[in-house]
Structure formats: C-alpha cells, structure tokens
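Structure record follows, encoded as structure tokens.
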Amino acid sequence: MTEPRPNDPTGRIAGIAEAAEARLIGLRRDIHAHPELGFEEVRTAGIVAAELARLGIAHRTGVGRTGVLGVIEGGRPGPTLAIRADMDALPIHEETGQGFASTVPGKMHACGHDIHTVTLLGVAEVLREIAPMLAGRVALVFQPAEEILEGAAAMIADGAAEGVDMALGFHNVPDRPVGSFGYVRGTGLAASDLFDLTIRGKSGHAAHPYAAVDPIVAAAQFVSQVQTVVSREVRPLHPAVVTVGMFQGGTTYNIIPERVALKGTVRTLHPEARDTAEAAIRRLVAGLELGMRVTCELNYARRVPPLVNDDRVLDPSVAAIRAQLGVEPEAGEPSMGSEDFSAFSERMPAFQMLIGSGAPGRDDRLHNAFYQPDERCIALGVQALSRAALELLS
C-alpha cells in the first residue's frame, strides 16, 4: 500500500483507494453474479445502502424507484457536486465462464455498471475521509435503469438534481488499456430517439396481390427511403445514424399479411440534425400512405439529449488525473452511442470521465457476452474521481 504523506492529497487518496481495493473487487464480483435489469436493482441498491451505512454516510433509498442518493458534507461552504454511477445490467446471457459469472440466465453486467457501482462506493470512502478538505458537498448518485434511458430522469424527478451545481459521470472503456484515461471535449455522446411504425395494408393470397394491399412492400420501401435521411437531408458535417432494428410481419409463404411492425433509432449530435431527421421520417411515412395505399401509425419519441462535456468540469478533472496518477488523459472523438447522464449535463455543467478497463491480451467490447474488464480499473477510477472532486470543490 502506498504510504500517505502528511498534507499530501495524492498519497492520502492513493492509500485509501488501495486499502479498499480488495473489498471493492469482492463487492463487484457479488453484484456481477446477481445482475438486475432497469428498475429491478433492489439487491444492488441494498448493497449500496449497506456500504454507505457502514461508512456513516447519510443516504436515502427508493430515489427514482430503485436509486440511492448519498450526501457527504465538506468542511467549508461551497457548491454541490453530483457524482453518478449506474447500477443496472443487460438482458444478455453471460458466456465468460468466470467463477463469479452471472447466476441469472439471460442477464449479465456486460456494460460494467457493476464496476461503476463499486467505484463510486470507493470514491465515497475516500471523500468521507478527506471531507474536511472539501469546500461544498458531494451528492453520490447511484442510478437505476441507464440501459433503458429512464433512470436519470426518474432520479431527477425525485430531487436528485436539486441544489446541484455540477455533475461528474464516468464510464469504463474496454478498448482503452487499464491505467489510461480519456475525455471528449464538447458533445461526447449522441441524442437518442426511438420510433415505432405500424404499417397496415389488406391481407390476401400471394397469388393475387392486386386484390390485397401489401404492407411488406411498403415497409421495405420505407426502410430503403429512410436511409436517405442521413445521406440526403442532414448536413454532412452533422453526424447522424438512422437504424431500423426490427422488421416484423407475416406468418407464412403464401399470405400477404395485414400489418408489419418496425422499430428504429435515430442518433444525432446536433439539434438541427435531430429536428431534420424527425421531420423527414414523418414526411416519409405520410408519403408512404399516399403512394402505397397503406395506413400508418407512427410513434416517435425523443429519449435523451446529447451528452455535452463542459470545460468548467472537464479541465479540472483532467488536471486531477494528471496530478494524482501521473497519466496524461487522451482526447477522443464523439460517439454515436447514448447515455442518460445527459439528463444531468442538460441541466448543469458536467463531464463524463472515460476510464480504461481493457485487460492485456483481450479485445473486449461493451454489451458483449464475453466482456471481461480488468478489475484494476476500479481503484484507479476511485483515485481519479476522488481527486477530481477535490479539485472541483477546493
């Protein structure tokens, strides 16, 4: 264990993080073996609450249904910093074969939210110890249901953002080696919108299509046309992705069905592109009704805004990583992925820290049945986030 030196935050933070590492890894493996989906995180929230109680940190449960909100008061007046970790798992059957693999068929922590949960518990332990050094207070946000993009809004509706002046999020990144850190300046993640489209025609015999109205042909036309939204309507310098992820209709070879159902997503980084894409899809659906003789029901839902990293939180956090770990964080590019920490970044200055979790010799990706992050990222993340909180509340 690193010996902390008097009045040296670097050594003190490192010492607490390293002393807690084995316990945090044990908690992570327990949570990993018992994954819970969005708004089902009762057991996980119980572990979090028990750990906060053990540390003597004031907290409340049931925030945003299954979230936990802890509070650490600093030694002097100042702003409030929220640090957020997500807790939910994914509907994926684990294939890793690890000794602590999921015990629940069809559910797995394939995005590392188990890593995130225990990392924030480690941060809680560090910040409790150095609380007299903080000017302000820290809100520890243990959030449910990130994977379905609903948990942040639910916690905010229950008051998790009240009085908060800035927010710090983080995510493990398996395509970065453990020990490395990254950031994206400005917009880091995309807005995410969903659409459900039901196309109704007139069923009939495959031998007599003139006597029917074929919704499969109309749906195929829509899938082809909707790709032109990005290629021909959105500005080339404004990234956008439109994906149809479900195409469902028909029962057998020789029957033209009555209806076809489609589901899709729209990802954008700029408000203008977001508006353009929605308007274009609505127009294409209207044209489908006119040109293909079908009737359509479109439900278009704007889910989460882009996640925007604010320099006022980003720059002190990057400096904190450099000071605490001697590592130079790497600037990265925006991703078309989405994440509901953007509900915080929409309301206040925020930054999502990227923490390398790639294990040597592996090529892991998130949302994969064989995903195995390097657990050394936990204690390293604890140090980086704790030092960032100290810098932001100094």
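We use all heavy atoms of the structure for the numbers below, so side chains are in, but hydrogens, waters and symmetry mates are not.
- Every pair tested for ring pair (Phe, Tyr, Trp, His ring centres under 6.0 Å) that includes a residue from residues 35-84 fails, sequence neighbours excluded, so the list is empty.
- The pair E278-R274 does not meet the salt-bridge criterion, since no charged nitrogen lies less than 4.0 angstrom from a carboxylate oxygen.
- Using a distance-only test at 3.5 Å, with no hydrogens or angles considered, no donor-acceptor pair links the side chain of N254 to the main chain of A206.
- Counting only distance, with no hydrogens or angles, the side chain of R282 and the backbone of L298 share no donor-acceptor pair below 3.5 Å.
- Aromatic ring orientation, H113 versus H109: tilted (interplanar angle from 30° to 60°).
- Between E233 and T276, the side chains place no donor N or O within less than 3.5 Å of an acceptor N or O (distance only, hydrogens not considered).
- Judged purely by atom type and a 3.5 angstrom limit, R29 has no side-chain atom pairing as donor or acceptor with the backbone of F100.
- Side chain of N299 to backbone of D196: no donor-acceptor contact under 3.5 angstrom is found.
- In this structure a side-chain-to-backbone donor-acceptor pair under 3.5 Å is present from S338 to A190.
- Screening L121, D86, L69 for a side-chain contact (heavy atoms from CB on, under 4.5 Å) involving F142 leaves a single residue, L121.
- In terms of modelled atom types and a separation under 3.5 Å, the side chain of E94 and the main chain of S102 share a donor-acceptor contact.
- Between the side chain of R347 and the backbone N or O of A343, at least one donor-acceptor pair lies under 3.5 Å.
- For T119 and R28, the side-chain atoms include no donor-acceptor pair closer than 3.5 Å.
- Using a cut-off of 4.0 Å between Lys/Arg side-chain N and Asp/Glu carboxylate O, R65 and E150 are scored as not salt-bridged.
- Judged by distance alone, with hydrogens and angles left aside, the side-chain atoms of T268 form no donor-acceptor pair with the main-chain N or O of S192 at under 3.5 Å.
- Residues satisfying the side chain to side chain donor-acceptor pair (under 3.5 Å) criterion with T228, sequence neighbours excluded, are absent altogether.
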Full working for salt bridge (Lys or Arg N to Asp or Glu O under 4.0 Å) between R302 and D275: CA-CA 10 Å; R302 293 198 173 197; D275 293 341; 2.7 Å; yes
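- A side-chain donor from one of T44 and E36 sits under 3.5 Å from a side-chain acceptor of the other.
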Residues D315, R185; criterion salt bridge (Lys or Arg N to Asp or Glu O under 4.0 Å); working and verdict: CA-CA 9 Å; D315 286 333; R185 200 170 291 280; 3.0 Å; yes
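- Between the side chain of N309 and the backbone N or O of Q352, at least one donor-acceptor pair lies under 3.5 Å.
- Classified by interplanar angle (parallel below 30°, tilted 30° to 60°, perpendicular above 60°), the ring pair H171/H116 is perpendicular.
- The pair E297-R259 does not meet the salt-bridge criterion, since no charged nitrogen lies less than 4.0 angstrom from a carboxylate oxygen.
- Contact record, A82 with V164: CB-CG1, 3.7 Å, taken as the closest heavy-atom pair.
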